[in-house]
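Note that ligands are numbered from 1 as they come in the structure, with each ligand's atoms numbered from 1 the same way. No hydrogens, no waters, no symmetry mates; every other heavy atom, side chains included, goes into these values.
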Amino acid sequence: MHQEIEDEGAAAPLRVTEVEGTKVTWDPAQLRKIQEHPCFSKDACHFFGRMHLPVAPKCNIQCNYCIRKFDCVNESRPGVTSKVLKPQEALERVREVLKKVHFIKVVAVAGPGEPLFNEETFETFRLVKAEFPHLLRCMSSNGLLLPDRMDDLVDIGISTLTVTVNAIDPAIGKEIYAFITYQGTKYHGEEGAAILIRNQLEGIQEAVKRKILVKVNTVLIPTVNDEHIIEITKKISELGVYIQNIIPIIPQYKFAHIIPPTPKEKKEIQDKCRQYVMQMTHCRQCRADAIGRLGKDLQQCMFSE
Ligand code: CLF
Ligand code: SF4
């Protein structure tokens with residue numbers, strides 16, 4: 001990633017004129033936040049690491065590519081189940097890791113279920129923020145509860161947020177989501193997808209307004225949303241999303257019959273989307289308890305039982 005940064009003085013916006021073909025403008029305080037974030041900055045990923053705290057087991061939606069036995073596949077490689085930690089245990093893990101590993105700059109909750117649907121996520125961030133205020137706080141969410149929990153996200157000082165958006169049209173969304181559970185009611189089909197999409201888009205817009213840097217993950221599902229992704233990208237560009245991470249589907253559950261995209265097909269879509277939103281190309285689909293630099297996890301050697 002080649003960032004051409006012009007600093008026009010303290011009051012002026014820091015301008016990133018061209019990032020892999022995408023024109024973007026961000027304010028300096030926001031950009032400084034991500035200079036050490038391995039997912040939001042490809043340069044940072046060589047030097048700095050992140051630490052995931054698996055404190056969020058429950059989920060409030062059902063994606064048709066998720067068998068719910070493993071970590072949330074919206075941000076994780078399938079087939080891995082993280083041992084869930086309690087908030088206090090998570091804090092102890094942060095203490096232990098930071099004593100030994102000095103390049104961890106980001107602490108995140110990315111599962112194993114939906115972070116916003118588990119109070120333990122908020123409790124964990126409160127504890128970590130109090131003791132390690134210098135660490136960036138990051139979260140990956142399906143977005144259903146974003147508008148409802150926005151004040152809490154600001155309160156715990158989330159600096160970077162990922163929302164998985166696979167459709168902005170409920171007619172396509174209903175093919176991807178079997179149901180959602182929102183404010184105690186279960187909604188199926190197009191009705192459920194419409195609520196999810198509305199909350200995702202509202203939540204993203206609000207997060208951007210509150211100076212949270214937003215990444216959108218989009219699962220590329222050939223024959224379902226492949227031709228629709230460009231519409232998603234145009235929309236999230238209007239909302240001020242910083243970067244998009246297009247992830248190829250791993251066929252399982254109700255999408256077991258789908259033929260995943262080839263790397264070439266994925267790249268073609270990324271190339272089209274890049275003119276609207278910067279594209280992430282270095283995602284390693286981490287597990288919900290990953291620790292270390294991307295693709296160089298320390299988790300197994302540090303905590304294997
Ligand atoms: Fe974790 Fe995600 Fe935050 Fe990164 S991972 S919650 S933004 S700190 Fe990064 Fe891992 Fe890809 Fe996620 S490489 S799966 S994009
Ligand atoms: Fe599975 Fe994540 Fe979808 Fe929930 S949001 S159903 S955990 S992929």
Closer than 3.5 angstrom, by distance alone: can the side chain of [X] be matched with the main-chain N or O of [Y] as a donor-acceptor pair?
X    : Y    : result
H37  : R50  : no
Q279 : D271 : no
K129 : D155 : yes

Which ligand 2 atoms, with their elements, are less than 4.0 angstrom from a heavy-atom of [X]?
X   : answer
N74 : 2 (Fe), 3 (Fe), 5 (S), 8 (S)
C72 : 2 (Fe), 5 (S), 7 (S), 8 (S)
I61 : 4 (Fe), 5 (S), 6 (S)
V73 : 8 (S)
R68 : 1 (Fe), 6 (S)

Return the residue, atom name and 0.1 Å-rounded distance of the protein heavy atom closest to [atom].
atom                    : result
atom 3 (Fe) of ligand 2 : C63 SG, 2.3 Å
atom 1 (Fe) of ligand 2 : C66 SG, 2.3 Å
atom 15 (S) of ligand 1 : K215 NZ, 3.2 Å

Exercise. Provide the tally of protein N/O/S atoms nearer than 2.8 Å to atom 1 (Fe) of ligand 1.
Key: 1
Which ligand 1 atoms, with their elements, are less than 4.0 angstrom from a heavy-atom of [X]?
X    : answer
L294 : 13 (S)
C283 : 11 (Fe), 13 (S), 14 (S), 15 (S)
R284 : 11 (Fe), 13 (S)

Can [X] and [Y] be counted as having a side-chain donor-acceptor contact under 3.5 angstrom?
X    : Y    : result
N166 : N74  : no
K215 : N217 : yes
D71  : S82  : yes
T233 : Q244 : yes

Exercise. Between M280 and ligand 1, find which residue part has any heavy-atom pair under 4.0 Å and reply side chain, backbone, both or neither.
Key: side chain
Quiz item: Judged by non-hydrogen atoms, does E114 sit under 4.0 Å from ligand 2?
Solution: no
Exercise. Measure from atom 1 (Fe) of ligand 2 to each N, O or S atom of C59 and report whether any distance is below 2.8 Å.
Key: no
